[in-house]
Protein chains: 2
Amino acid sequence: MEIFYKEKTFFTSKDLALSVIGGRWKIAIIWCLLQQSPLRLSEIQKYLADVNQRMLIRQLRELEEDQIITRVVYPVVPPKVEYQLNEIGLLLEPVVTSICNWGDNFREFLEENTDKQSVE
Amino acid sequence: MEIFYKEKTFFTSKDLALSVIGGRWKIAIIWCLLQQSPLRLSEIQKYLADVNQRMLIRQLRELEEDQIITRVVYPVVPPKVEYQLNEIGLLLEPVVTSICNWGDNFREFLEENTDKQSVE
DNA sequence: CCGGATCCGTGTTGATACTG
DNA sequence: CAGTATCAACACGGATCCGG
C-alpha cells in the first residue's frame, strides 16, 4: 500500500495525512474555517492573532495545493479573497473535534496535578 | 478561560493541545506507542524510519515533560530505556484514529481525482 | 486600503559522526 | 544501545514594500 504524492512516497495513510495537516498552523486554520466559512484573510488573522501574515498565507497556499481549501478571488478594489473548506477538508472536522476534546482533558489533568499552579 | 502553561498563555484548550502534540513528529511517536507499548528507542526508530535520532530523542523528551509519556531507565549495560504512554497520553487515541481515518479518505480522494496518477 | 511578496535575522530541523 | 556534538540547511518571524 504505497502512496506517491508530491514526489514523496508514503507507506501509511497516516503519514500522508500528517504531511497535509502537519504544518505549523494548519489545524488552527482548519478550525477557523470550521467555525465560519468563508473567511477573508484578515478575518483569519483576527482568529489567529499570534500568527504572522506571511506564514498564514503560506499555509493557506499549501492547503489549497492539497485541495483542502478553496481560494476565491474577487476582482474588486480593494482586493477581496475568500477561503473555505471543500469536501475533503470538511471531513477533517472529527480530527479537529478530537483534538479540542483532548485539550479539555489535558487542561483538567493540569488542574488536578499542578495544585492550582497557574490554571484557571 | 485562560490557561497558563510553561510560561505561555493559551486562550482555548485547542491551542493548548496543539502546543503539546503539534511537534514535528509527536503524532507519529504517539501512534507508535499506541500500536505497541512499551517501546525502546531503537524500536521506535524502526517504526519511524525517516526520523533522525536527534529529533526523535528531543520530541520524546518534550512529550515526557508534558507528561504524555513515561520514560523508564534500566541501569544495565548496554543501556535500556523504555517509553510508554501514560493515562493522559492514552486518551490521544481518538485523535490518532481520526487522523488515520481521514488519511484513508484523502487517499481515496486522490485516487479518484488524479486518474491513476501514481497512487496504488 | 487589502492581499501578498521580498529582505534578512533567528531558531528549529537534519545528516553525520562520536561517546559511555 | 541510548544519547550527544557539530555544522549545514531550512522553516519561521518581523518589518517593509508592492500592485491594484
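Taking each heavy atom of B:Leu60 and B:Ile69 in turn, the nearest pair found is O-CD1, 3.4 Å.
Across its full length, the helix from C:dC1-D:dG20 to C:dG20-D:dC1 shows an angle of 30° between the axes of its 5 terminal pairs at either end, rounded to 10 degrees.
A distance-only check finds a donor-acceptor pair linking the side chain of A:Ser19 to the backbone of A:Leu16 [under 3.5 Å]. Remark: the backbone N or O of B:Gln59 is not paired with any side-chain donor or acceptor of B:Lys26 at under 3.5 angstrom.
Between the CG atom of A:Leu48 and the P atom of D:dC12 there is a distance of 14 Å, rounded to whole Å. Rounded to whole Å, the distance from CG on A:Leu39 to P on C:dG3 is 11 Å. Atom CZ of A:Arg71 is separated from atom C1' of C:dC2 by 12 Å (rounded to the nearest Å). Remark: P of D:dC7 and CG of B:Asn52 are 17 Å apart, rounded to the nearest angstrom. A straight line from CE of B:Met55 to P of D:dA11 spans 14 Å, rounded to a whole angstrom. Across the protein-nucleic acid pair, A:Gln59 atom CD and D:dC12 atom P stand 6 Å apart, rounded to whole Å. Rounded to whole Å, the distance from CD on B:Gln53 to C1' on D:dA5 is 13 Å. Straight-line distance from the CD1 atom of A:Ile29 to the P atom of D:dC12: 11 Å, rounded to whole Å.
Backbone-only engagement by A:Arg24 is indicated by non-hydrogen atom pairs under 4.0 Å involving sugar-phosphate atoms exclusively. Using a 4.0 Å heavy-atom distance criterion, B:Tyr83 is classed as a sugar-phosphate-only contact. The residue A:Arg40 sits close only to the backbone: its heavy atoms come under 4.0 Å of sugar-phosphate atoms, none of a base. In this structure, B:Ile57 reaches the bases: a heavy-atom distance under 4.0 Å links it to at least one base atom across the strands shown.
The A:Pro78 side chain lies nearest to C:dC2 when the options are C:dG20, C:dC2, C:dT6. When each of D:dA2, C:dG3, D:dA11 is scored by its nearest atom to the side-chain atoms of A:Arg58, the top-ranked nucleotide is D:dA11. Here C:dC7 is the nucleotide among C:dG4, C:dC7, C:dG20 with the atom lying nearest to any side-chain atom of A:Arg54. In the set C:dG14, D:dG13, C:dG4, C:dG4 carries the atom at the smallest distance from any side-chain atom of A:Val81. Minimum atom distance to the side chain of B:Ser42 is reached by D:dC1, of the listed D:dC1, C:dG14, D:dG20.
For B:Gln35 and B:Tyr47, the side-chain atoms include no donor-acceptor pair closer than 3.5 Å. For the residue pair B:Asn101 / B:Ser98, no side-chain donor-acceptor distance below 3.5 Å is found, with atom types taken as modelled.
Comparing A:Glu62 and A:Val76 along DNA chain D, the residue whose closest nucleotide (by nearest heavy atom) sits nearer the 5' end is A:Glu62. Along DNA chain C, the nucleotide nearest to A:Val77 and the one nearest to A:Leu60 differ in position, and the one closer to the 5' end is contacted by A:Val77.
In this structure, A:Glu82 does not pair ionically with A:Arg71, as no charged nitrogen and carboxylate oxygen lie closer than 4.0 Å. Taking 4.0 Å as the cut-off between side-chain N and carboxylate O, B:Lys14 and A:Asp104 do not count as a salt-bridged pair.
A sub-4.0 Å separation between OP1 or OP2 of D:dG13 and a side-chain N or O of A:Trp25 is present. Look at B:Arg61 and you'll find a side-chain N or O under 4.0 angstrom from OP1 or OP2 of D:dG3.
Between A:Trp31 and A:Ile99, every side-chain heavy-atom pair lies at or beyond the 4.5 Å cut-off.
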